[in-house]
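All of these numbers come straight from a predicted model, not from anything done at the bench. Heavy atoms only: backbone and side chains are in, while hydrogens, waters and symmetry mates are out. Proteins get letters first, then strands, A, B, ... in listed order; numbering begins at 1 in each.
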Amino acid sequence: MSGTQFGKGCHLHLIDGSAFIFRAYHALPPLTRKSDGLPIGAVAGFCNMLFKQVEDNKGPDAPTHVAVIFDYSGKSFRNEMYDLYKANRPPAPEDLVPQFPLTREATRAFNIACKEIEGFEADDIIATLACQAREAGGRVTIISSDKDLMQLVGGGVEMLDAMKNKRIDSDGVVEKFGVGPDRVVDVQALAGDSVDNVPGAPGIGIKTAALLINEFGSLEELLDRAEEIKQPKRRQTLIEKREQIELSKKLVQLDCNMTLDFTLDDLEVKEPDAETLLTFLSEMEFRTLSKRMADQLGMEAPAIPEAPAAAAASSAAPEAVPFDKENYECVRDAAGLQTWVDRIRQRGWVAVDTETTGLDEMVVDLVGISLCVEAGEACYIPLAHKAGGDDLFGGEGLSEGQMPLEEAVAMLKPVLEDPAILKIGQNMKYDAKILHRYGVEVAPVDDTMLMSYALHAGLHGHGMDTLSERYLDHTPIPIKPLLGSGKSAITFDKVAIDDAVPYAAEDADITLRLWQLFKPQLHQERVTTVYETLERPLVPVLADMERNGIKVDRDTLSRMSNAFAQKMAALEAEIHELAGESFNVGSPKQLGEILFDKMALPGGKKGKTGAYATGADILEDLATEHDLPARVLDWRQLSKLKSTYTDALQDHINPETGRVHTSYAQTGASTGRMASTDPNLQNIPVRTEEGRRIREAFVAEEGNVLLSLDYSQIELRILAHMAGIDTLKQAFADGQDIHAMTASEMFEVPLEEMTPEIRRQAKAINFGVIYGISGFGLARNLRIPRKDAQGFIDRYFERFPGIRKYMDSTVEFAKEHGYVQTLFGRKIHTAEINAKGPKAGFAKRAAINAPIQGTAADVIRRAMIRMPEAIAHLPARMLLQVHDELLFEVPEAAVEETIAAARQVMENAADPAVHLDVKLVVDAGRGRNWAEAH
DNA sequence: GACATCACG
DNA sequence: GACGTACGTGATGTCC
C-alpha cells in the first residue's frame with residue numbers, strides 16, 4: 001500500500017479526537033489507574049475507540065488513510081474575530097486535564113497519525129482534509145457527532161457517530177437541520193449556538209432558521225430581502241442584528257483552505273507496533289484491552305497486577321469476614337517475609353502499619369511493621385522489640401525471634417516503592433515519615449483517614465478506633481493495657497512480641513477493610529475529586545514541611561522567659577497586696593472569690609460548675625474601675641506567653657536539627673482547615689506587641705531570610721464571590737479598603753470623611769457576617785447595646801441583600817441535605833442543623849461559615865500542593881502554613897524569585913477548577929525572623 | 001479528664 | 001416569648 005497516492009478508491013477516516021475525549025469522559029465512570037490514582041477514564045474510552053478503529057482497518061469498508069485530529073489548547077483565530085467565542089465554556093474538569101496528553105500518546109501508540117495545529121480548531125483541520133480528499137476523488141468518513149462538522153457532508157463525505165454507531169449522510173443532515181449540508185452554516189448563523197457562544201439572531205432557533213433559508217434560498221438573500229418578512233419581530237431582528245448574524249456565519253464556517261505541513265498521503269493506515277502499543281496499554285493498566293489487543297496481534301498479553309477496584313468488589317464484603325487473632329501471623333525470618341512479599345506483588349496492594357517507640361515521627365524508632373492483603377489475614381513483623389527489663393544483661397538486648405531490621409526493610413523497600421503496588425494506610429503521613437528515615441520512599445499511597453475525611457467531615461473524628469467501631473462494628477484491641485499509663489507507661493518496643501502481634505496486625509487488617517469500604521463510596525458520594533486533588537496529594541507536601549521544621553533560637557526564648565518570670569513575680573506581689581491576701585492568681589476559682597465575694601465587685605456566677613466567670617472580657621470591664629483585675633490581665637498575658645510559648649517551645653526544639661517540627665493534622669478541622677500540633681505553630685502570638693516579640697525567636701538560617709506570603713482578606717473575597725455581591729466585588733477589583741467601603745455604604749459617610757471608629761465597626765460586621773452574624777454576638781464584640789448592633793445588621797442586609805440571601809439559602813441547603821459544600825466540592829456535614837433549641841443556632845452559624853472558611857482552606861491547599869513544583873528550581877523551602885499564610889525560608893539571593901513564584905501559585909490557586917469573580921491578592925514580607933517577615 | 005482561659009486565622 | 005450565641009482550632013493550668 002505504501003507509496004499509493006491518495007485518490008479515487010481511497011477512503012479517509014478523520015477522527016475528532018477532542019470531541020471524543022469529552023464524550024468518553026462524561027460517559028464513563030471516573031476510573032483511576034490503580035497504582036497511583038491517575039484519572040484514566042477518558043483515556044480508556046478513547047483507547048477502546050482506537051481499538052475499534054484498528055478492527056475497522058481490516059473490515060469490509062476499511063479506510064486506507066486515517067488520522068486523529070485534536071484541538072490545539074488555547075485560543076483559535078476565531079477569538080480574534082469575536083473575543084467571546086466559546087467564552088462561556090467552563091474549563092476542562094481537573095481530572096480530565098492530565099488525560100489530554102495521554103490521549104495523544106495513545107494515538108501514537110496505536111500508530112495512527114495524530115494532528116493538531118496551533119491557532120486552529122480540530123474542525124478546521126478536519127474540514128481542510130475532507131475537502132482535499134473529496135477533490136482528490138476519495139471517500140471520507142468523519143468520526144464525530146459534532147453538528148458543526150455537518151456542513152462538510154456530501155460528495156463522498158459522511159459522518160459516523162461512533163458511540164451510537166450511526167452514519168450521517170446528506171439526508172441525515174437534512175433531518176437534523178432542515179436544510180442540506182451546503183446551507184447548514186446559514187442555519188447555524190441564524191440559530192446561533194449557546195455552547196460555543198455564537199450569538200446568532202435572538203429568538204430564532206433551528207426550526208425557524210431552516211424555514212427562512214428554505215424560503216429565501218440563502219442567508220445572504222434572506223438578509224438582503226429581510227423587509228419582505230411578514231412577522232414584525234422577526235423582520236426587525238434580522239435587520240437590526242444583521243452584523244451579528246454575519247459574524248456568526250463567519251464563526252461557524254469551517255476553514256477548508258488551511259495550510260498543512262503534511263499531506264493526505266502521510267495519513268496512510270499503518271499496522272501498530274505490537275510492543276509499543278502493548279507497553280502503553282499495560283502502563284495504563286488496561287487489563288481487558290491489553291488482552292484483546294494482544295490476541296489480535298498474536299502476542300502474549302503483558303502481566304498487569306490485578307486492579308484493586310475490581311478485585312475489591314469481587315472479594316467478600318470486608319465487614320462479613322470475622323476478626324480472628326488466630327489468623328494473624330508473626331513473621332520472624334526472611335523466608336516468612338518473602339511469602340508476604342510474593343502475596344503483595346500478586347495482589348497489587350497492601351495495607352501497612354508501623355509500630356514505633358512513640359508519637360514524634362522525627363525522633364522515634366521503628367519497632368515493627370504489619371501488613372495485610374486480604375481482610376482477616378494480616379501479619380506483624382517484630383523488628384526491635386527489647387527483652388524484658390529484668391534481663392540480667394540490661395534491658396537493651398533484642399528479644400529472640402526477630403529478623404534484622406535492615407534485612408526486613410531491604411526486602412520491603414522495593415514493594416513499598418513500587419509504583420504498581422498501592423500502599424494503604426491509616427494516617428500514612430506518619431508511617432511514610434518513619435519509613436523515610438529508614439531510606440524508604442513510600443508511594444503510591446491511599447489513606448483511609450483522608451478518605452473518611454472526604455466522606456464524613458463534620459460527622460465524627462477519623463481515627464482508626466472511631467472508624468472501626470462505626471463502619472466495621474468492631475472495637476479494636478486497646479493499646480492502653482499493653483503500654484500502661486502514667487509514669488509506669490512503657491514504649492512499644494518493650495511490649496512482648498506475643499502481645500504485640502494481635503494488636504499490630506489487627507491495625508493493618510482494619511485499615512484494609514476500611515479501604516475496601518470507603519473506596520467505592522468516594523464515587524458514590526461524589527468526593528473523589530476532593531480526595532484526589534485536595535487530600536491525597538497534600539500528604540507528601542505536609543511531610544516535607546514537617547521535616548523541614550523552623551529554626552527557633554533557644555537563647556531568645558530563654559531570655560524572654562526570665563523577663564516574663566520577673567514581671568510576673570512583681571505583678572503577683574502587687575495583686576496579693578491589692579487583694580489583702582495571698583492566693584493562686586492562676587486559679588480562676590480563687591480569683592473569682594476574691595473579686596466577687598471578698599471585694600464584692602459587680603459580676604455573676606456562671607453555669608455548670610458554679611464558679612465565677614473571670615474571662616478577659618469580664619476583667620476588662622472591671623479594669624476601668626479597679627487595679628486588681630487590670631494587674632491580673634497583665635499577669636495572665638505573661639503567664640500564657642511564658643508557659644505556652646517561651647517555655648514549652650524550647651522543649652520542642654529537636655536536638656538533632658535545632659529546629660521545631662510541628663505536625664499538621666490534615667483531618668483536624670471539619671471545614672478543610674489544617675490543625676497544627678506538638679507544638680501548635682498556628683497560634684504564635686502576634687496581636688499584642690509583647691506577644692509578637694516571641695516571633696523574633698523564629699529565625700532563618702545564616703544567609704537566609706524568612707518569607708511570609710499571606711492572602712489578603714481571602715474569606716471576604718470568597719464571600720463576595722459566593723454571595724455575588726457586586727459592590728464588594730467592585731471594591732476588591734479596585735483595590736479599595738473593604739472595611740472603609742462597607743462603612744461608607746452602611747453609614748452613608750463619604751470615604752474621605754471616614755473615621756477609624758466607623759471603620760472599626762464596619763470591620764466587625766464584615767467578620768461577623770463570615771461567622772453567621774447575630775445581634776448578640778456583634779453587640780458583645782463591639783460592646784454596644786444589642787439594639788444598636790441589630791440596627792447595624794439590619795442596615796447591612798438592606799445595603800447588601802445578597803448576603804442575607806446567601807445565608808438563608810446556605811442554611812436551607814444544609815437542612816435539606818445535611819451538609820454544605822465548598823466551591824471545590826468539599827462536603828462539611830451539619831449534623832445538628834435540624835436540632836431544636838440553642839443547638840440550632842450553633843449549627844446554623846457553623847453552616848454559614850463552613851463554605852467560606854472551607855473554600856479558603858481549599859484554595860491554600862491547592863497552592864501548597866502546587867508549590868513544590870513551582871519552587872523546585874529555587875533553593876527555597878516551605879516551612880509553615882497558618883490558614884491564610886505560607887512561610888518560606890530562602891537564601892537572600894533568591895528572595896525575589898521565590899516571592900514571584902509563590903505569589904503566582906497562590907493568587908491563581910483556584911484556577912482552573914473554580915473561576916472566582918474576585919481576584920486573590922497575596923501580600924509578601926521578609927525578614928531575619930518571623931516578626932520582621934510578617 | 002473536664003473546665004476555663006487564651007493564643008491564632 | 002425565651003433561649004443564649006459570633007466561626008474554626010490547640011495548649012496550659014487548676015481542680016476533682
With a 4.0 Å cut-off on heavy atoms, is Asn680(A) in touch with a base, just the backbone sugar-phosphate, or nothing at all? sugar-phosphate
Remember a base hit wins even if backbone is also touched, and classify Glu715(A) as base, sugar-phosphate or nothing at under 4.0 Å, heavy atoms. nothing
Separation between the P atoms of dA6(C) and dA4(B), rounded to whole Å: 13 Å
Is Leu641(A) close to Met560(A) at the side-chain level, that is, under 4.5 Å between some pair of heavy atoms? no
N/O (side chain, Arg687(A)) to phosphate O (OP1/OP2, dG9(B)) under 4.0 Å: yes
How would you label the contact of Ile684(A) with the nucleic acid (heavy atoms, under 4.0 Å): base, sugar-phosphate, or nothing? sugar-phosphate
Quick one: label Gly841(A) by what it contacts on the DNA or RNA (base, sugar-phosphate, nothing), any heavy atom closer than 4.0 Å. nothing
Shortest non-hydrogen separation from Thr533(A) to Ile865(A) and the atoms involved: O-CD1, 3.2 Å
Considering every strand and a 4.0 Å limit on heavy-atom distances, what is the contact class for Glu885(A): base, sugar-phosphate, or nothing? nothing
Here the residues of residues 781-789 of chain A within 4.0 Å heavy-atom distance, strictly under, of DNA chain C are Asn781(A), Arg786(A)
If you look at every strand shown and take non-hydrogen atoms under 4.0 Å, does Gly772(A) touch a base, only sugar-phosphate, or nothing? nothing
Which part of the nucleic acid does Ile773(A) contact within heavy-atom distance under 4.0 Å: base, sugar-phosphate only, or nothing? base
Can you tell me how far P of dC6(B) sits from CG of Asp647(A), to the nearest Å? 18 Å
What's Ala665(A) touching, base or sugar-phosphate or nothing? Going by heavy atoms closer than 4.0 Å. nothing
Once you apply a heavy-atom cut-off of 4.0 Å, does Arg780(A) come out as touching a base, just sugar-phosphate, or nothing? sugar-phosphate
Within the 4.0 Å heavy-atom criterion, would you say Ala648(A) contacts the bases, only the backbone, or no part of the nucleic acid? sugar-phosphate
Thr614(A) side-chain proximity, nearest of dG9(B), dT5(B), dC6(B): dT5(B)
Side-chain H-bond candidate by donor/acceptor type, Asp794(A) with Gln790(A), under 3.5 Å: yes
Does Phe564(A) have Lys642(A) sitting over its ring (NZ/CZ under 6.0 Å from centre, angle to axis within 45°)? no
Could you tell me whether Ser774(A) contacts a base, only the sugar-phosphate backbone, or nothing, with contacts defined as non-hydrogen atoms closer than 4.0 Å? base
Have a look at Phe776(A) and say if it touches a base, only the backbone sugar-phosphate, or nothing, with a 4.0 Å heavy-atom cut-off. base
Range on DNA chain C touched by chain A, heavy atoms, distance below 4.0 Å: dG4(C) to dC16(C)
Is the cationic atom of Arg845(A) (NZ for Lys, CZ for Arg) positioned less than 6.0 Å from the six-membered ring centroid of Phe842(A) and within 45 degrees of its normal? yes
Does Arg673(A) come within less than 4.0 Å of Glu715(A), counting only side-chain N to carboxylate O? yes
Does any non-hydrogen side-chain atom of Gln881(A) lie less than 4.5 Å from one of His883(A)? yes
For Asp678(A), answer base if it contacts any base atom (sugar-phosphate contacts may also be present), sugar-phosphate if it contacts only those atoms, and nothing otherwise; contact means non-hydrogen atoms under 4.0 Å. sugar-phosphate
Just checking, any donor-acceptor pair under 3.5 angstrom between side chains of Tyr453(A) and Asp447(A)? no
Below 4.0 angstrom, N of the basic side chain to O of the carboxylate: do Arg861(A) and Glu535(A) qualify? yes
Using a 4.0 Å heavy-atom cut-off, does Ser670(A) contact any base of the nucleic acid, only the sugar-phosphate backbone, or nothing at all? sugar-phosphate
P atom, dC3(B) versus dT5(C): distance in rounded Å? 14 Å
Kindly give the heavy-atom pair with the smallest separation between Pro476(A) and Glu469(A), and that separation in Å. CD-OE2, 4.3 Å
